[in-house]
Amino acid sequence: MAEPIIDLRSDTVTKPTPAMREFIARAEVADDVWCEDPTINSLQEKVAKLLGKEASLYVTSGTMSNQIAVKVHTQPGDEVLCETSCHIYNYEAGGPAVLSHVMCRPISGRHGILDLKDFDGMIRPPNEHFVHTRLVCLENTHNRGGGKVFPLENIVRITGWAREHGLATHLDGARLMNASVATGIPAIEYAKHFDTVSICFSKGLGAPIGSALAGPAELIVRARRVRKVFGGGMRQGGMAAAGALYAIEHNIDRLREDHENAQVIAQAIRETDGLRLDPPDVETNLIWFQVEPELGTAAEVAQRLKSRGVLVSVGGPQTLRACTHLDVNRPQAEHAAEVIREVVPNLSPKPPRPEALAGQTGY
Ligand SMILES: *Cc1c(COP(=O)(O)O)cnc(C)c1O
């Protein structure tokens with residue numbers, strides 16, 4: 001009999017639970033372009049409160065939320081400072097260039113984490129040769145950095161410096177609630193240092209659709225207009241927002257279980273020859289790991305795991321990512337760990353084949 005599928009490719013694969021569907025079915029809705037959808041209005045108020053901001057805006061995706069933020073903070077020709085492996089720069093199809101006509105200046109961190117010294121000399125002098133440095137974007141938790149929590153002290157130093165120099169600040173908090181649950185630091189304590197903050201409901205929080213951008217009321221009014229331009233004005237969007245509302249009411253604290261389950265899988269990887277956790281410490285629900293070339297490629301390992309029902313995503317020639325979420329319980333995490341321990345050491349050792357690069361996925 002085929003083993004059950006345990007899908008660790010992403011925390012975006014979660015499906016609405018019966019209780020969430022029930023809540024969605026009962027949601028009161030109206031035209032949100034006219035600001036009349038009570039479910040969206042209620043969600044937006046709750047998110048603003050959760051993040052300690054005057055207002056928030058429900059949008060279709062984390063990408064839209066980030067790109068609206070870039071747009072409202074910049075003018076064409078401005079420059080955005082961000083971390084080299086961040087989502088805004090790597091995984092949003094060139095949005096800053098396409099939609100806002102800005103340059104990104106990537107700064108390399110350590111597993112996505114930056115500190116103030118990394119920003120030394122990064123503000124361009126006022127001179128007609130140079131772009132205007134305008135915006136700093138950080139990401140917490142940092143996806144490509146291995147689900148690392150951006151330390152609050154670093155955030156305080158970087159955003160304090162940014163403010164001193166008249167730069168706007170935006171937090172890509174797609175998984176901010178994971179950071180908050182992992183550290184016990186309320187989301188509001190992270191959020192208060194940024195002008196705008198984006199959070200995703202469709203990742204670990206388990207809603208089917210949507211993100212929100214929170215910030216000062218005046219800025220969110222402008223964000224609404226940009227959302228309209230980007231084609232993101234929704235009518236009875238409460239049908240989707242109800243899932244998000246349910247998610248923030250029920251699914252925040254349980255992220256702890258995802259983090260515990262991630263430890264179970266991380267331990268199996270740690271103890272398996274030929275695999276190496278990178279970063280070595282798993283802090284939240286994302287587990288990034290390297291396949292030693294002697295063992296084969298990441299795609300080959302992913303294929304073998306798949307043959308035993310465990311799906312992981314390929315993030316590079318030797319890079320894999322596993323991700324725990326609402327639809328993976330403890331027994332499933334334990335089973336996935338067992339499959340890793342069994343399957344990987346039994347792969348026949350092969351010489352490295354760097355040319356065998358699979359299509360890269362895993363955002
Ligand atoms: C997933 C993600 C986003 C947004 O993704 P969408 O698929 O557009 O919702 C933004 N930032 C980070 C760090 C992410 O992981």
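All figures in this text were calculated on a predicted structure; none of them were measured in a lab. Side-chain atoms are counted along with the backbone in the values below, which use heavy atoms only and exclude waters and symmetry mates. For ligands, and for the atoms within them, numbers begin at 1 and follow the listed sequence.
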Asn143 and ligand 1 - part of the residue with a heavy-atom distance under 4.0 Å:
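Just the side chain.
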Does only the side chain of Asn66 get under 4.0 Å from ligand 1, or the backbone, or both, or neither? Count heavy atoms.
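Within the 4.0 Å criterion, Asn66 contacts ligand 1 through side-chain atoms alone.
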From Lys203, Arg144, Glu139, Gln67 - option closest to atom 14 (C) of ligand 1 by heavy atom
Lys203
So, 4.0 Å and heavy atoms of His142: is ligand 1 close enough to count as a contact?
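Under 4.0 Å: no for His142.
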For Arg157, enumerate each residue passing the salt bridge (charged side-chain N to carboxylate O under 4.0 Å, His left out) test, keeping only those at least two apart in sequence or located in another chain.
Asp115
Tell me whether Arg175 has any N or O atom under 3.5 angstrom from an N or O of ligand 1.
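Checking ligand 1 against Arg175, an N or O pair does fall under 3.5 Å apart.
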Please indicate whether any nitrogen or oxygen in Ser202 is less than 3.5 Å from any nitrogen or oxygen in ligand 1.
no
Go through ligand 1 atom by atom and flag the ones less than 4.0 Å from a non-hydrogen atom of Ser61.
8 (O), 9 (O)
Under 4.0 Å to a heavy atom of Gly62 - the qualifying atoms of ligand 1, by number
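In order of number, 4 (C), 6 (P), 8 (O), 9 (O).
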Asn66 side chain to His170 side chain, donor-acceptor N/O pair below 3.5 angstrom
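Note: Asn66 and His170 side chains meet the donor-acceptor criterion.
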Hey, can you tell me if His250 and Tyr246 have their rings parallel, tilted or perpendicular (30° and 60° cut-offs)?
parallel
State plainly whether the residues Arg222 and Glu218 are in salt-bridge range, i.e. N to O under 4.0 Å.
yes
Minimum-distance pair of heavy atoms, taken over all atoms of Met234 and Thr60
SD-CG2, 3.8 Å
Taking the side chain as C-beta and beyond, is there a heavy-atom pair between Asp118 and Glu83 under 4.5 Å?
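Answer no - side chains too far apart.
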